[in-house]
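Below is one structure, written out as structure tokens; the observations come after it.
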2 protein chains.
Amino acid sequence: MSGTHSNTLIRKLHALFPLSAEEVAVLEHACSRMREFAGDVDIVTEGDRPSDCNLLLQGITCRYKLLPDGKRQIMSFHCAGDIFDAQSFILEVMDHSIGTLTPCKVALIPHRTMLDITERYPHIARAVWKDTLIDAAIFREWMTSIGRRSSYQRIAHLFCELYLKMKTVGLTEDHIFPWPITQTEIGDALGMSNIHVNRTLKELRGEGLIVLKDRRLIIKDWEGLKEAGQFDPAYLHLRPADEPARAAGGGERIAPQ
Amino acid sequence: MSGTHSNTLIRKLHALFPLSAEEVAVLEHACSRMREFAGDVDIVTEGDRPSDCNLLLQGITCRYKLLPDGKRQIMSFHCAGDIFDAQSFILEVMDHSIGTLTPCKVALIPHRTMLDITERYPHIARAVWKDTLIDAAIFREWMTSIGRRSSYQRIAHLFCELYLKMKTVGLTEDHIFPWPITQTEIGDALGMSNIHVNRTLKELRGEGLIVLKDRRLIIKDWEGLKEAGQFDPAYLHLRPADEPARAAGGGERIAPQ
DNA sequence: CGGGGCGTTGACTGAGATCAATTATGGTGG
DNA sequence: CCACCATAATTGATCTCAGTCAACGCCCCG
């Protein structure tokens, strides 16, 4: 397959770090083949040594770890455009699993291709690197949520984050977006019980901030939700809309003072 | 300054991803100058746009975020050999702060140098990238600890992790290593109150697992501590001692099957 | 000798986990 | 179209871990 399916990725990377036409073309030909998965199955499992990176084209996945006592921690959610295991071509052994929450389509990029591309196109390397660094920034923010925010704040914060993530790749409409994530999964992501998630959602509904219905989340009061979750999008490192894109293919990148 | 002080870094990177003599030489000349800090001050502050990366030569630092309501989340601890803000040359704006816990010495690597090096030496880029990916893996593990492990497990887990981190750069002796971290700081790292940290430490002491005295941690029962913390070092991605180092400077890297 | 930071301990309180049902919801086959 | 089943959501009652408040001891340092 060639690049028709990687547009979401291009769009996202481009938003992070503008690439030249040649660089975009390289990326579009990087995907060797496509795979489909049912909902609720593993794409990659802890301990695996994958030979490809996965680019999510459709559906929602989560990154998680299972503890010896059966508890689960979900560490991130992913949507179209995410290379959710970019790290696998550098770290070799997976220290966690990736599972689907809905039926999913992914494109495969062989590790060998990743190696070639990142050696020959430092800008692409830096764009993908940047993407993994933003993932890390999101991990840190989640850590902060779980460690120091109340349940109410945590859930509000998660809603804000996923709204912006989905908006970036065009999956939102007004303030409405798909929400296939169950309450138990929210709990496993935020370190709380499914029961408590349920009660907290009721509160958020009661405050008129959100409506969660038919697997879709409606944000009724964006400002209110942001405040409820102490949400500051800085950690997502989205390029502010008013910042001019760096000349594509240019050789330098200077932080604006 | 030239490379005499960057040996710890070289040692660490080398352990992650063997480099050629030329590559090592490049790294040794990357540091432009050195700075010293007192204990309990910020090296980098949230919102900054640093122009250099910091390589920690001596002392202990932490990565943290302050919340609007005054709560603090510590997201990592760092010791000699850590480039604790490698991300800053790609992400530009700091989304968190770095503070010293003890007096510290750091070497500065200008972002411009980082850009040059990572463009011209893809192996170095990959080594530093790998380092940032391991940081991310540690974030994920902390998230798991905070979200799903009991206080007792969390503290045991933290002790195990820092022991191995320090051991890698030669800061341990038998099972003893410096512990300048206060109970309040442990609490801010693990999402618990200083009082509860105190009580949990008492428990760990009572079980004969550790002794914390004179700012030094003594692990009395390594196997017991690992078990108490459900500690599995896989997420640190340390190269197993028996795995032969890749030929330095070689052009490929193939995951052993 | 006095004060500030850190550690320790006790008593009280509360957010959120656990246990136990009950009620949607959606997909399946008859 | 409906009975059936599994999954998810909801609600109530109870319990517990850990946070908060308050006090005190220790030690270092000026």
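We use all heavy atoms of the structure for the numbers below, so side chains are in, but hydrogens, waters and symmetry mates are not. By convention in this document, chain letters (A, B, ...) are assigned in the order of the sequence lines, proteins followed by strands, and residues within each chain are numbered from 1.
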Between [N] ([atom2]) and [X] ([atom1]): distance, integer Å:
X	N	atom1	atom2	value
Leu217(B)	dG7(C)	CG	P	13 Å
Lys213(A)	dA24(C)	NZ	C1'	13 Å
His196(A)	dC17(D)	NE2	P	17 Å
Leu201(A)	dA8(D)	CG	P	15 Å
Asn194(B)	dA18(D)	CG	C1'	12 Å
Arg216(A)	dA9(D)	CZ	C1'	19 Å
Leu190(A)	dA17(C)	CG	C1'	15 Å
Met192(A)	dC17(D)	CE	C1'	16 Å

Distance test, side-chain N/O of [X] to OP1/OP2 of [N], below 4.0 Å:
X	N	value
Arg215(B)	dG7(C)	yes
Lys202(B)	dG7(C)	no
Ser151(A)	dG16(C)	yes

Quiz prompt | Sugar-phosphate, base or nothing in reach of Gly191(A), heavy atoms under 4.0 Å | solution = sugar-phosphate
Practice problem: With DNA chain C as reference, determine whether Val197(A) or Asp40(B) sits nearer its 5' end, using the nearest nucleotide of each. | Solution: Asp40(B)
Quiz item: Using 30° and 60° as the class limits, which term best fits the ring planes of His175(A) and Trp222(A): parallel, tilted or perpendicular?
Solution: tilted
Which nucleotide sits closest to the side chain of [X]: [options]?
X	options	result
Thr182(A)	dG19(D), dG7(C), dA9(D)	dA9(D)
Ile195(A)	dA9(D), dG19(D), dG12(D)	dG12(D)
Asn198(B)	dC6(C), dT10(D), dT9(C)	dT9(C)

Quiz item: Is there a donor in the side chain of Thr200(A) and an acceptor in the side chain of Glu203(A), or the other way round, less than 3.5 Å apart?
Solution: no
Quiz prompt | Polar contact flag, side-chain donor to acceptor under 3.5 angstrom, His196(B)-Ser151(B) | solution = yes
Practice problem: Answer with yes or no whether Arg199(A) presents, from its side chain, a donor or acceptor under 3.5 Å of a partner atom in the base of dG12(D). | Solution: yes
Quiz item: Of Glu185(A) and Arg149(B), whose closest DNA chain D nucleotide lies nearer the 5' terminus?
Solution: Glu185(A)
Exercise. Could you pick out which residue, Gln183(A) or Arg148(A), lies toward the 5' side of DNA chain D when each is mapped onto its nearest nucleotide?
Key: Gln183(A)
Quiz item: Less than 6.0 Å separating the ring centroids of Tyr163(A) and His157(A)?
Solution: no
Self-check item: Aromatic ring proximity, centroids under 6.0 angstrom, Trp142(A) and Phe139(B)
Solution: no
